Amino acid sequence: MKELKLQIRYAQSLFDLAKQTNVLESVYNDVLSIRDICLENHELQVILKNPIIKPLLKRQIVLSLFENNCQELTIKFLSFVVTKRREIHLLGICESFIDIYRKDKNIQSVELMVSENISDSLREEIISHLKDALKIDVWLTIKVNPKLIGGFCLTIDGKQYDASFLKKLSILRRDFAAKL
């Protein structure tokens with residue numbers, strides 16, 4: 001719980017600074033790329049979480065990774081996070097920043113679970129329909145779960161609409177079992 005508060009506090013500070021200095025969009029893109037790099041690179045996570053590695057070395061590693069590709073404010077923030085020994089929370093800070101940004105821009109996160117990959121044109125069509133139905137911008141995350149067999153599961157704001165064949169088959173199985 002303390003860690004989540006810490007992550008939100010740091011993310012909110014970065015968000016407020018970026019908004020005040022009119023570099024919010026650039027910092028948002030930087031944070032997205034930092035999060036992606038942290039998720040893809042297990043070695044970086046191990047380095048950031050290792051208490052034996054000195055903060056100065058961690059700072060040099062982080063700066064060498066991001067200083068040529070990120071906004072000056074983002075670099076200063078990363079340096080500050082490592083100096084304060086909060087680098088183990090970097091991924092969580094990035095996630096919290098993204099959430100804060102999306103709330104500020106009125107972007108709703110939506111998860112669509114399907115049985116197989118969908119085309120880009122279908123993805124865009126789904127986003128368009130969701131925007132029209134919800135009357136807000138949509139950030140669509142697609143997950144593939146072959147167990148669904150067909151159909152989809154849509155999760156919006158913690159509510160799930162399950163229109164998968166797996167769900168229909170389980171209802172059918174339950175109804176048959178009840179009649180026996």
Side-chain angles (χ1 to χ4, degrees), residues 1-51 53 55 57-114 117-118 123-124 126-127 130-131 134 136-145 152-161:
M1 186 65 175
K2 281 194 311 188
E3 290 141 2
L4 182 61
K5 285 182 179 180
L6 178 138
Q7 294 165 1
I8 292 170
R9 197 168 56 236
Y10 273 73
Q12 187 67 53
S13 297
L14 178 60
F15 180 83
D16 292 341
L17 277 170
K19 200 167 187 178
Q20 286 173 1
T21 56
N22 295 321
V23 292
L24 184 59
E25 297 301 321
S26 299
V27 171
Y28 173 69
N29 291 328
D30 293 347
V31 169
L32 284 175
S33 66
I34 291 167
R35 181 203 56 185
D36 292 344
I37 289 170
C38 286
L39 287 173
E40 293 169 2
N41 193 332
H42 179 71
E43 292 83 18
L44 177 61
Q45 289 181 32
V46 170
I47 289 170
L48 293 177
K49 291 179 181 179
N50 190 334
I53 299 175
L57 181 58
K58 288 182 185 180
R59 185 174 173 270
Q60 290 172 343
I61 291 168
V62 168
L63 292 179
S64 68
L65 282 173
F66 300 113
E67 82 182 328
N68 294 331
N69 305 326
C70 292
Q71 179 75 23
E72 182 181 351
L73 177 63
T74 309
I75 298 301
K76 287 181 180 178
F77 181 77
L78 289 172
S79 179
F80 177 75
V81 167
V82 174
T83 302
K84 290 293 184 178
R85 295 183 170 235
R86 304 293 192 212
E87 64 276 355
I88 63 170
H89 302 290
L90 184 59
L91 184 58
I93 292 169
C94 290
E95 294 289 349
S96 295
F97 181 90
I98 292 166
D99 290 342
I100 292 167
Y101 175 87
R102 289 181 183 159
K103 282 180 188 169
D104 184 68
K105 297 294 184 182
N106 200 22
I107 300 171
Q108 179 71 47
S109 292
V110 176
E111 181 181 292
L112 177 67
M113 190 175 302
V114 292
N117 282 325
I118 62 172
R123 177 188 171 91
E124 294 304 318
I126 291 168
I127 291 172
L130 288 170
K131 280 183 180 181
L134 300 173
I136 57 173
D137 287 332
V138 173
W139 182 267
L140 183 65
T141 305
I142 297 177
K143 293 188 176 178
V144 177
N145 182 356
F152 63 91
C153 288
L154 188 67
T155 306
I156 303 171
D157 200 25
K159 296 178 182 97
Q160 187 177 47
Y161 176 73

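Here the structure is a predicted model, which is why all the values come from computation and not from measurement. Numbers for residues simply follow the sequence, beginning at 1.
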How many angstroms lie between atom [atom1] of [X] and atom [atom2] of [Y], to the nearest 0.5 angstrom?
X: Lys5; Y: Gln7; atom1: NZ; atom2: CD; result: 13.0 Å
X: Glu124; Y: Ile118; atom1: CD; atom2: CD1; result: 9.5 Å
X: Asp99; Y: Cys94; atom1: CG; atom2: SG; result: 11.5 Å
X: Asn145; Y: Cys153; atom1: CG; atom2: SG; result: 8.0 Å
X: Ile100; Y: Ile8; atom1: CD1; atom2: CD1; result: 6.5 Å
X: Glu67; Y: Lys76; atom1: CD; atom2: NZ; result: 13.0 Å

Identify each donor-acceptor pair in which a side-chain atom of residues 31-48 lies under 3.5 Å from a protein atom, sequence neighbours left out, and give them as a table.
from, atom 1, to, atom 2, distance (Å)
Ser33, OG, Asp30, O, 2.8
Asn41, OD1, Glu43, N, 3.2
Asn41, OD1, Leu44, N, 3.2
Gln45, NE2, Cys38, O, 2.4

Tyr101: ring-ring contact (aromatic ring centres under 6.0 Å, His included) partners, not counting sequence neighbours: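 Once residues adjacent in sequence are excluded, the partners of Tyr101 under the ring-ring contact (aromatic ring centres under 6.0 Å, His included) criterion are Tyr28.
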Using side-chain heavy atoms (C-beta onward) and a distance below 4.5 Å, is [X] in contact with [Y]?
X: Phe97; Y: Val27; answer: yes
X: Leu112; Y: Thr141; answer: no
X: Glu111; Y: Lys143; answer: yes
X: Val81; Y: Phe77; answer: yes
X: Asp104; Y: Lys19; answer: yes
X: Glu72; Y: Thr74; answer: no

Are Leu6 and Tyr10 close enough, and set up right, to give a side chain to side chain contact (heavy atoms under 4.5 Å, CB included), and what steps lead you there? CA-CA 6 Å; Leu6 178 138; Tyr10 273 73; 4.0 Å; yes
Verdict with supporting geometry, Leu130 and Leu140, side chain to side chain contact (heavy atoms under 4.5 Å, CB included): CA-CA 9 Å; Leu130 288 170; Leu140 183 65; 4.2 Å; yes
May I have the step-by-step check of side chain to side chain contact (heavy atoms under 4.5 Å, CB included) for Lys131 and Asp137, ending in yes or no? CA-CA 6 Å; Lys131 280 183 180 181; Asp137 287 332; 3.9 Å; yes
Salt bridge check, Lys105 against Glu25: does any charged N sit closer than 4.0 Å to a carboxylate O? yes
Please check if the side chain of [X] supplies one atom and the backbone of [Y] the other of a donor-acceptor pair under 3.5 Å.
X: Asn106; Y: Arg102; answer: no
X: Lys58; Y: Asn50; answer: yes
X: Ser96; Y: Gly92; answer: yes
X: Ser79; Y: Ile75; answer: no

Applying side-chain contact (heavy atoms from CB on, under 4.5 Å), can you list everything that pairs with Asn69, at least two apart in sequence or on another chain? none
In terms of heavy-atom contacts, does CD of Gln12 have more than 12 from other residues, nucleotides or ligands at under 6.0 Å? yes
More than 12 heavy atoms of other residues, nucleotides or ligands under 6.0 Å from CZ of Arg123: yes or no?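 Yes, the 6.0 Å shell around CZ holds more than 12 heavy atoms from other groups.
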Determine whether Leu78 and Leu90 satisfy the following criterion, side chain to side chain contact (heavy atoms under 4.5 Å, CB included), listing intermediate values before the conclusion. CA-CA 8 Å; Leu78 289 172; Leu90 184 59; 3.6 Å; yes
